[in-house]
J.: 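Let me begin by handing over the structure; questions about it come next.
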Amino acid sequence: MNKGMSFRTVSAVVLCTASLFFWSCGGGKPVPQALPDEHEARIPQQKDGGKMVFGVATELNNFDPFSSMTADARSIGFNIFDGLVNVAVDGSFTPAIAEEYSVSADSCTWSFVLRKGVKFHNGKLLDKDDVLYSIQKARDGKMTGYGAIQSVSFDDASHKIVIQLSSPDVGFIAYLTTPIVPKDAKDLATHPVGTGPYAFKEYVEQDHITLVRNSSYWGKKAYLDTIVVKFMASQADFVLNFQAGSIDGFSANADTVEQLDRDSINLYPRNSNSVQLLALNNKFGPFADKKVRQALCYLIDAETVIRTVNYGYGIKASNPLIPALSKYYDTDTDFNYVKDVQKARDLIASSSYPDGFSFTITVPSNYNVHVKTAELAVGELAKLGISAQIKQVDWATWLQNVYSNRDFEATVISFDGHFAYPTAFLARYCSDAKNNMINFSNAEFDRLFKRGTLAVREDERIECFKQCQKILSEEAASVFLEDISMLSVYNKHFQGCKSYPLYAIDFSAIYAVE
């Protein structure tokens, strides 16, 4: 327990336990655990040092933690940056750049004692100005939770950063995982500098990035000397390069794993802690009608997607919150949609579009799992006389047109949270949220969300966030499907995996074996 923290506060921020990360899959197939027994048995074979080449499906060209929009960039940044606190595998928050922290009884004053001797990757000693600069960057970028900051001060005598909030926020600690960067950082997008277990070495456009072990890391040092993150266009490219020995591991789709020889690989499944959805633009004609949206929820069910697209590797998610945040996740809702074609047909018949309609599903082509989910949706929609076409676009186009400009009718994507706290997943549905790409608007949701963020009593906070989920489900803001399992495939020369209630790849947990 961190010094100065009350038991009430500690219990409020411990979000889940390690056992929550290995659920039964929605399709009835259990997600294998990360081989703990085998892992322990092979520790004597562990080697220090070495190089791993790991394939990812998205080119990562912006690592600025205050502006990057992609979950994949944050998953790699997890290795480069530290916050005042870091998230642990059980969902709790552990001291990082702050060696201890405390909070006032009213949850308005948060104090962090800075750890001494922490160095950035460029060799510069971290000081209070770097922390103050980073907090201000987060405030200027209007990052979730930082709008409540009234003042930030530093006490030289105690080496303590004191953050005063304008209103209570028990969950504020989750936001302090936001990276601390040097105050004189020039180009974080392509030259990120942090204090994490790996330092950024190079970025080669359309090819790879290289990370090297931080020998001066303040915490437990990484095992491997070098990580090369290789960008590849397709799962087929991954398999070819993996079998040829050009890469040592990659993030695999379930159908790819089904084609591999299990005896020749080390497989580590874990929850992605993001929610896949058929996202509906609520301002597009048919999708402005709640009955139409509800019809799609009854027609396109998670169980079918999990079973047919992901071979059982996934967990049904009835709303935007990840099931791993079990204390806040609402499992008791009248609109936990179960497939019912007749109910969907009746809803369409009584809607503003009784004769059906047509629309386009714009999908990022680099995510095969989203393309296949869109293909399944097209077949299901035909049962209601609804014609849907798939438009595949590259990732940069999707980010610009769909995410930023909201120029789309529907898309299939997964949304993660920047933080292991409900607001990170729910905030995007507030009417005035800049990342509310589906244009959802509901005054009661806005009211309950704000009330939940301000609630000091845990029971009130939980109830508000659950009510927010009920509204999103009842209003059918989109078709919420699943938390897809992340499948990391390594060759037999590598082992090690850690799961967090975040979309993250922890390279520091991977080690080479004989």
Side-chain angles (χ1 to χ4, degrees), residues 26-27 275-310 312 314 316-320 333-365 367-393 398 402 406-415 429 437-442 469-484:
V275 175
Q276 186 196 40
L277 66 160
L278 172 61
L280 308 175
N281 187 340
N282 285 209
K283 285 190 175 180
F284 169 66
F287 301 144
D289 187 330
K290 181 170 75 171
K291 289 184 178 179
V292 171
R293 301 195 304 268
Q294 288 179 333
L296 268 60
C297 290
Y298 280 114
L299 186 67
I300 305 166
D301 75 308
E303 300 288 354
T304 302
V305 174
I306 294 169
R307 184 178 64 253
T308 61
V309 175
N310 294 315
K316 181 176 180 179
S318 302
N319 64 72
T333 173
D334 294 334
F335 288 87
N336 193 344
Y337 298 94
V338 176
K339 186 163 185 171
D340 190 328
V341 177
Q342 187 55 52
K343 185 171 288 188
R345 187 173 286 119
D346 293 343
L347 281 164
I348 290 294
S350 62
S351 75
S352 303
Y353 294 84
D355 300 320
F357 56 92
S358 62
F359 71 100
T360 299
I361 306 174
T362 305
V363 189
S365 58
Y367 288 110
N368 191 50
V369 65
H370 297 327
V371 174
K372 287 196 168 187
T373 300
E375 291 171 349
L376 182 148
V378 168
E380 293 296 300
L381 289 161
K383 297 175 182 178
L384 299 187
I386 299 172
S387 174
Q389 300 80 40
I390 296 174
K391 178 183 179 182
Q392 294 191 45
V393 298
W398 187 92
V402 178
R406 307 185 187 185
D407 183 14
F408 76 107
E409 296 166 359
T411 187
V412 179
I413 198 66
S414 288
F415 284 144
Y429 298 94
M437 59 169 273
I438 69 166
N439 295 305
F440 179 76
S441 181
N442 183 282
Q469 294 167 64
K470 289 182 188 295
I471 290 172
L472 289 167
S473 183
E474 193 276 334
E475 289 291 319
S478 284
V479 184
F480 302 106
L481 295 169
E482 60 172 327
D483 180 347
I484 304 171

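Nothing fancy with the numbering, it's 1 onward along the sequence.
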J.: Identify the heavy atoms of Pro320 and Val275 that sit nearest to each other, and give their distance.
T.: O-CG2, 3.4 Å
J.: Would you say that Tyr429 contacts Ile438 through its side chain, given a criterion of any heavy-atom pair below 4.5 Å between the two side chains?
T.: yes
J.: To the closest 0.5 Å, what do you measure between CG (Asn282) and CG (Asp289)?
T.: 11.0 Å
J.: Can you name the side-chain hydrogen bond (donor to acceptor under 3.5 Å, both in side chains) partners of Thr362, sequence neighbours left out?
T.: none
J.: Restricting to side-chain contact (heavy atoms from CB on, under 4.5 Å), what partner residues turn up for Lys290, sequence neighbours left out?
T.: Arg293, Gln294, Glu474, Glu475
J.: Side-chain contact test, heavy atoms from C-beta onward, threshold under 4.5 Å: evaluate it for Ile386 versus Leu296 and give yes or no.
T.: yes
J.: Which residues pass the side-chain hydrogen bond (donor to acceptor under 3.5 Å, both in side chains) test with Asn442, not counting sequence neighbours?
T.: none
J.: Scan residues 383-393 for pairs that pass salt bridge (Lys or Arg N to Asp or Glu O under 4.0 Å), counting only residues two or more places apart or in two chains.
T.: Glu380-Lys383
J.: At what distance, to the nearest 0.5 angstrom, does CD1 of Ile471 lie from CZ of Phe440?
T.: 7.0 Å
J.: Under 4.5 Å between any side-chain heavy atoms of Leu278 and Leu280, yes or no?
T.: yes
J.: Rounded to the nearest 0.5 Å, how far apart are CG of Leu299 and CZ of Arg345?
T.: 9.0 Å
J.: Supply the atom-to-atom distance Asp483 CG to Leu481 CG, rounded to the nearest 0.5 angstrom.
T.: 11.5 Å
J.: Who passes side-chain contact (heavy atoms from CB on, under 4.5 Å) against Asp301, sequence neighbours left out?
T.: Glu303, Thr304, Lys339
J.: Might you point out which heavy atoms bring Asn439 and Arg406 nearest each other, and give the distance in Å?
T.: OD1-NH1, 2.7 Å
J.: State, yes or no, whether a side-chain contact exists between Val292 and Ile348 at a heavy-atom distance under 4.5 Å.
T.: yes
J.: Output all residues satisfying side-chain contact (heavy atoms from CB on, under 4.5 Å) with Ser350, sequence neighbours left out; order by chain, then residue number.
T.: Lys291
J.: Please report the shortest heavy-atom distance between Tyr298 and Lys343, naming the atom on each side.
T.: CZ-CD, 3.3 Å
J.: Val371 and Ile390: which non-hydrogen atoms are nearest, and at how many Å?
T.: O-CD1, 4.4 Å
J.: Shortest non-hydrogen contact from Gly314 to Glu482?
T.: CA-OE1, 3.8 Å
J.: Hey, could you give me each pair passing salt bridge (Lys or Arg N to Asp or Glu O under 4.0 Å) that has a residue in residues 368-379? Not counting sequence neighbours.
T.: Asp255-Lys372
J.: What's the verdict on side chain to side chain contact (heavy atoms under 4.5 Å, CB included) for Trp398 and Ser365, showing C-alpha distance, side-chain angles and the deciding distance?
T.: CA-CA 9 Å; Trp398 187 92; Ser365 58; over 6 Å; no
J.: Just so I know, are the side chains of Leu277 and Phe480 near enough to count as touching, which here means a heavy-atom distance under 4.5 Å?
T.: yes
J.: Identify, with sequence neighbours excluded, every residue that meets side-chain contact (heavy atoms from CB on, under 4.5 Å) alongside Ser414.
T.: Ser274, Gln276, His370, Ile484
J.: Taking side-chain hydrogen bond (donor to acceptor under 3.5 Å, both in side chains) as the test, write out the residues that go with Ser478, two or more places apart.
T.: none
J.: Could you list the residues that satisfy side-chain hydrogen bond (donor to acceptor under 3.5 Å, both in side chains) with Asp346, not counting sequence neighbours?
T.: Gln342
J.: So, for Ser473 and Ser318, which heavy atoms are closest and what is the spacing to 0.1 Å?
T.: OG-O, 4.0 Å
J.: Please name all residues satisfying ring-ring contact (aromatic ring centres under 6.0 Å, His included) with Phe357, sequence neighbours left out, ordered by chain then number.
T.: Phe287, Tyr353, Phe359
J.: Can you list the residues that meet the salt bridge (charged side-chain N to carboxylate O under 4.0 Å, His left out) rule with Glu409, with sequence neighbours excluded?
T.: none
